[in-house]
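This report concerns only the one structure given below.
Throughout, a chain's letter reflects where its sequence line sits, starting with A, and its residues are numbered from 1. A quick note: this is a predicted structure, and the numbers were derived from the prediction, not measured.
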Amino acid sequence: MEQFEVTRIGPPLHLFGYDISFTNAALWMCIVAGSAALLLTLGASSRRLVPTRLQSLAEMSYVFVADMIRSASGTDGLKFFPFVFTLFFFVLFANLYGMIPLGLFPPIRPFTVTSHIVVTFALAIFVFLMVIVVGIAKHGFRFFAIFTPNVPVWMLVFMIPIEIISFCSRPISLSVRLFANMMAGHTMLNVFGGFVIGLAAAGGAVSILSVAPLLAITAVSALEFLIAFLQAYVFAILTCIYLNDALHPPHH
Amino acid sequence: MDIMSAKMIGAGLASIALIGAGVGIGIIFGNYLAGALRNPGAAQGQFTNLLVGFALCEFTGLLGVVMAFIILFT
């Protein structure tokens with residue numbers, strides 16, 4: 001589908017045999033990161049006692065993420081606040097930018113950054129490696145206690161491989177969840193949009209029926225906005241839960 | 001049967017995974033609501049667990065969707 005295609009913008013660049021040209025995916029990532037940073041910087045810069053709308057938006061999002069970290073990984077998890085906050089806002093803005101119907105203005109091509117497994121997997125593998133590095137740096141060998149649940153000794157023979165597999169599948173599940181949600185949502189909207197055009201083009205009394213998929217697409221779009229927020233939230237909260245493992249491995 | 005129709009049937013079969021995800025998400029939200037109505041005070045504290053359960057449950061269905069996409073578009 002056209003909206004998932006990655007195309008080159010500007011001159012082709014090559015480094016060590018890899019194509020590192022600037023693409024529309026890179027452009028949209030810059031837009032996402034830039035606009036999120038701009039919005040929150042503007043919101044945080046006024047610092048009035050009675051906040052403006054933008055300032056209270058920035059403050060509410062700060063409190064929201066801080067509460068999330070505090071509930072999932074404890075007060076000492078707040079050291080990772082900048083990381084989780086950035087991650088949450090990058091994913092949220094990327095999801096929401098995908099929902100803007102920019103395809104209506106032909107030279108601009110909409111692109112959902114998070115609908116590509118490469119992007120989400122890069123984020124997820126970074127979280128995964130950070131958890132391991134932080135865990136070993138803080139607790140040393142005792143970090144590996146997360147692989148030994150509190151069960152009778154003979155059960156450990158079965159439980160340790162299962163725990164290791166479940167630990168190692170975390171980056172996969174974290175990335176595939178976000179990517180598949182975005183991809184499936186946009187594909188669904190595309191298919192329903194195809195129904196609208198197909199029925200409207202049929203002509204005569206049949207074209208009145210095209211209202212039905214149009215109403216459905218409107219409802220699905222509303223659902224997609226919910227999913228866009230929910231997936232960003234889930235991505236961030238799972239990061240906090242994984243960090244909790246690194247900060248507080250079980251004692252036994 | 002040619003390869004294209006086999007692919008279509010395979011993609012349809014892969015989508016069956018979504019039944020499980022639908023049932024699971026229904027159970028999670030239904031039980032959360034039932035618990036929250038019994039003890040509204042404790043509901044807010046379990047909201048994170050609700051979303052994590054939702055996410056884990058949804059993932060199993062999404063694996064099926066990804067399989068269907070891989071079958072259809074490769």
Side-chain angles (χ1 to χ4, degrees), chain A residues 1-5 64-74 77 84 88 91 114-117 120-121 124 166 169-188 190-191 223 226-227 229-245, chain B residues 3-36 39-74:
Chain A
M1 269 168 279
E2 198 201 350
Q3 59 171 324
F4 296 124
E5 269 167 30
F64 178 73
V65 177
D67 277 345
M68 180 164 82
I69 299 173
R70 224 174 275 131
S71 71
S73 46
V84 178
F88 175 69
V91 175
T114 42
S115 69
H116 282 69
I117 185 85
T120 58
F121 190 74
S166 113
S169 65
R170 276 174 180 184
I172 301 170
S173 73
L174 199 58
S175 57
V176 169
R177 177 180 306 115
L178 182 57
F179 141 77
N181 263 299
M182 288 302 122
M183 169 112 171
H186 284 267
T187 310
M188 186 160 64
N190 197 359
V191 169
L223 181 74
L226 176 73
I227 298 276
F229 174 77
L230 198 62
Q231 289 305 319
Y233 181 72
V234 163
F235 198 96
I237 195 108
L238 283 175
T239 304
C240 294
I241 290 171
Y242 297 160
L243 274 173
N244 184 41
D245 276 350
Chain B
I3 189 83
M4 206 51 218
S5 33
K7 269 182 151 183
M8 291 290 171
I9 294 171
L13 289 176
S15 307
I16 292 176
L18 284 167
I19 296 174
V23 171
I25 292 170
I27 289 175
I28 288 170
F29 276 93
N31 283 348
Y32 173 76
L33 204 55
N39 186 358
Q44 201 42 245
Q46 295 306 311
F47 193 68
T48 306
N49 284 344
L50 170 77
L51 289 182
V52 171
F54 160 76
L56 294 177
C57 182
E58 189 193 29
F59 175 66
T60 54
L62 285 177
L63 278 180
V65 174
V66 172
M67 278 324 250
F69 279 138
I70 290 172
I71 294 170
L72 277 181
F73 298 120
T74 51

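Annotation for B:L51 and A:V234: closest pair O-CG2, 4.2 Å, computed over non-hydrogen atoms.
Shown here is B:I3, whose CD1 atom has no more than 12 heavy atoms of other residues, nucleotides or ligands within 6.0 Å. For B:M67, the CE atom counts as loosely surrounded, since its 6.0 Å shell holds 12 or fewer non-hydrogen atoms of other residues, nucleotides or ligands. Under a cut-off of 6.0 angstrom, the local environment of CZ in A:F229 is crowded, with over 12 non-hydrogen atoms contributed by other residues, nucleotides or ligands.
For A:L230, the part lying near chain B is the side chain, with the backbone staying farther off; criterion is any non-hydrogen pair under 4.5 Å. Of the atoms belonging to B:L56, heavy atoms from both backbone and side chain fall under 4.5 Å from chain A.
Atoms CG and CZ, from A:L178 and B:F59 in turn, are 12.0 Å apart once rounded to the nearest 0.5 Å. Within the model, atoms CD of B:E58 and OG of A:S173 stand 11.5 Å from one another, a figure rounded to the nearest 0.5 Å. Atom CZ of B:F69 and atom CZ of A:F179 lie 8.0 Å apart (nearest 0.5 Å).
Proximity to chain A among residues 23-33 of chain B is not found for any residue, judged by heavy-atom separations below 4.5 angstrom.
Of the residues considered (A:I241, A:T187, A:L238), A:T187 shows the highest number of contacts with chain B, using heavy-atom pairs under 4.5 Å.
Residues B:L62 and A:N181 have side chains in contact (heavy-atom distance under 4.5 Å, counting atoms from C-beta outward).
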